[in-house]
Student: 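The structure is given below, and queries will be raised subsequently.
Reminder, nothing fancy here: chain letters follow the sequence lines and each chain counts from 1. All heavy atoms count here, side chains included; hydrogens, waters and symmetry mates do not.
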2 protein chains.
Amino acid sequence: MNKSDLKMISVLERTGGFASAQELHQILRREGDGIGLTTVYRALQSLVDDKIVDLLRRDDGEAIYRLCGDGHHHHLVCKGCGQTVEIEGGAIENWATAKAKEFGFREVAHTAEIFGLCSKC
Amino acid sequence: MNKSDLKMISVLERTGGFASAQELHQILRREGDGIGLTTVYRALQSLVDDKIVDLLRRDDGEAIYRLCGDGHHHHLVCKGCGQTVEIEGGAIENWATAKAKEFGFREVAHTAEIFGLCSKC
DNA sequence: CACGAAAATGGAAATGATTATCATTTCCAA
DNA sequence: TTGGAAATGATAATCATTTCCATTTTCGTG
Ligand SMILES: [Zn+2]
Ligand SMILES: [Zn+2]
Ligand SMILES: [Zn+2]
Ligand SMILES: [Zn+2]
């Protein structure tokens, strides 16, 4: 956890929803920070490794990042403004376990996200 | 649905699980087909538009494609060999609807996939 | 069959995100 | 203070995907 990591956490907090590495870099530059693009990528990767930020993909494949709470959870994401709500998996957790067992799969993990328009959008 | 589209369906059937555009192109070339990379991308995109193949992303963001049955369903994917089983969403469908309503989201869609190791791997 | 328009094709160049290099700077403990 | 490790950032390299454009194929019509 070095200086750049903290800087990335700070800008992610301020921007709220998602952002790509390139966008975060531009934001910092605009604010007068001379941080290099290389360092932005390195810091984000480090935060992803430490499970402090989530990495997901835009439709075009570009990586986007967001701060993410501890523990296992899922997301409800607004397609309009990017606002993200962390939610419990509820019944999904059992569903995933049951389906995996049914087909003889081991060491299972799962992903589940809901996309839609929030009340403001 | 032109000649190239059918060719891509054929090679996807033969390879079974996932494959990237580059990989599918190489396979066809190896088989003596002189198809161009551009055409491979075009055909795959067309099949995705027609919902005949699924597009998802490798960890590094590269697009991978797979044949996909009709209607809404989810997947159980082997991390080892890529074997994919199409499964029903079951409890997920209600979970997604309920969570969306709870937070005032409209026009919702969802994704859910389970990853693990199949009995052979 | 012959002709022309429209669609399909594929090679080459352009694009753009991400990663690799590498010289320089910053940290920090001894 | 100092020597080495870690961090930094400019630049170049990579590589999937898209764009361009000239050529070929397809296909309906006369
Ligand atoms: Zn919104
Ligand atoms: Zn879960
Ligand atoms: Zn397997
Ligand atoms: Zn579903």
Student: Hey, is CG on A:D59 packed in by over 12 heavy atoms from elsewhere, all under 6.0 Å?
Tutor: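 No, the 6.0 Å shell around CG holds no more than 12 heavy atoms from other groups.
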Student: What are the two closest non-hydrogen atoms of B:I35 and B:R29, and how far apart are they?
Tutor: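 Of all heavy-atom pairs spanning B:I35 and B:R29, the closest is O-NE, 2.8 Å.
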Student: Between B:H110 and B:H72, is the gap from one ring center to the other below 6.0 Å?
Tutor: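 Close enough - the centres of the two rings lie under 6.0 Å apart.
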Student: What do you reckon, is CD of B:E88 surrounded by more than 12 foreign heavy atoms closer than 6.0 Å?
Tutor: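 No, because the 6.0 Å sphere around CD of B:E88 holds 12 heavy atoms or fewer from other groups.
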Student: Could you tell me the separation between the CG atom of B:N2 and the P atom of C:dA6, rounded to a whole number of Å?
Tutor: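 In whole Å, C:dA6 P and B:N2 CG are 18 Å from each other.
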Student: What integer distance in Å separates B:M8:CE from C:dG10:P?
Tutor: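 In whole Å, C:dG10 P and B:M8 CE are 12 Å from each other.
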Student: Measure the distance from NZ on B:K7 to P on C:dG10 and round it to the nearest whole Å.
Tutor: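 In whole Å, C:dG10 P and B:K7 NZ are 6 Å from each other.
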Student: What nucleic acid atoms does B:S4 come within less than 4.0 Å of, heavy atoms only: base, sugar-phosphate, or nothing?
Tutor: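 Sugar-phosphate, backbone atoms only, no base.
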Student: Please state how far atom CG in B:L24 lies from atom P in D:dA16, giving the value in whole angstrom units.
Tutor: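 Rounded to whole Å, this separation is 13 Å.
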Student: Rounded to whole angstrom units, what separation is found between the CD atom of A:Q22 and the P atom of C:dA17?
Tutor: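 Going from CD in A:Q22 over to P in C:dA17 covers 5 Å.
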Student: Please tabulate the protein-to-nucleotide N/O contacts below 3.5 Å involving nucleotides 25-28 of chain D, giving atom names and distances.
Tutor:
| unit_1 | atom_1 | unit_2 | atom_2 | d |
| --- | --- | --- | --- | --- |
| D:dT26 | OP1 | B:K3 | NZ | 3.0 |

Student: What are the residues of residues 56-64 of chain A, sorted by number, that bring a heavy atom to within less than 4.0 Å of DNA chain C?
Tutor: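 A:E62, A:A63, in order of number.
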Student: Quiz question: by atom type and distance under 3.5 Å, do the side chains of B:S20 and B:E62 form a donor-acceptor pair?
Tutor: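 The criterion, which ignores hydrogens and geometry beyond distance, is satisfied for B:E62 and B:S20.
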Student: On a heavy-atom basis, which atom in B:C78 and which in B:C121 lie closest, and how many Å separate them?
Tutor: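 Reported closest heavy-atom pair: SG-SG, 3.7 Å.
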Student: Tabulate protein N/O versus nucleotide N/O from nucleotides 10-12 of chain D, keeping only pairs under 3.5 Å, one per line.
Tutor:
| unit_1 | atom_1 | unit_2 | atom_2 | d |
| --- | --- | --- | --- | --- |
| D:dA10 | OP2 | A:R29 | NH2 | 3.3 |
| D:dA10 | N6 | A:T38 | OG1 | 3.1 |

Student: Taking atom types as modelled, find out whether A:S10 and A:R14 have a side-chain donor-acceptor pair closer than 3.5 angstrom.
Tutor: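 The answer is yes; a qualifying pair exists.
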Student: Crowded around A:E86 CD? As in, over 12 foreign heavy atoms under 6.0 Å?
Tutor: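 Count over threshold, so yes.
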Student: Taking CG from B:D33 and P from C:dA8, how many angstroms apart are they, rounded to a whole number?
Tutor: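 Value for this atom pair: 17 Å.
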Student: Establish, from distance only, whether the side-chain atoms of B:Q22 and B:Y41 form a donor-acceptor pair under 3.5 Å.
Tutor: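 Their side chains do contain a donor-acceptor pair, which is all the 3.5 Å distance test asks for.
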Student: Starting at atom CE of B:M1, determine the distance to atom P of C:dA8, rounded to an integer number of angstrom.
Tutor: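 One finds 12 Å between P of C:dA8 and CE of B:M1, rounded.
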Student: Do you know the tightest heavy-atom contact between A:I9 and A:L67?
Tutor: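 Taking A:I9 first and A:L67 second, the nearest heavy atoms are O-CD1, 4.0 Å.
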Student: Quick one: CG on A:L12 to CG on A:L44, what's the gap to the nearest 0.5 Å?
Tutor: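 So the CG of A:L12 and the CG of A:L44 are separated by 6.5 Å.
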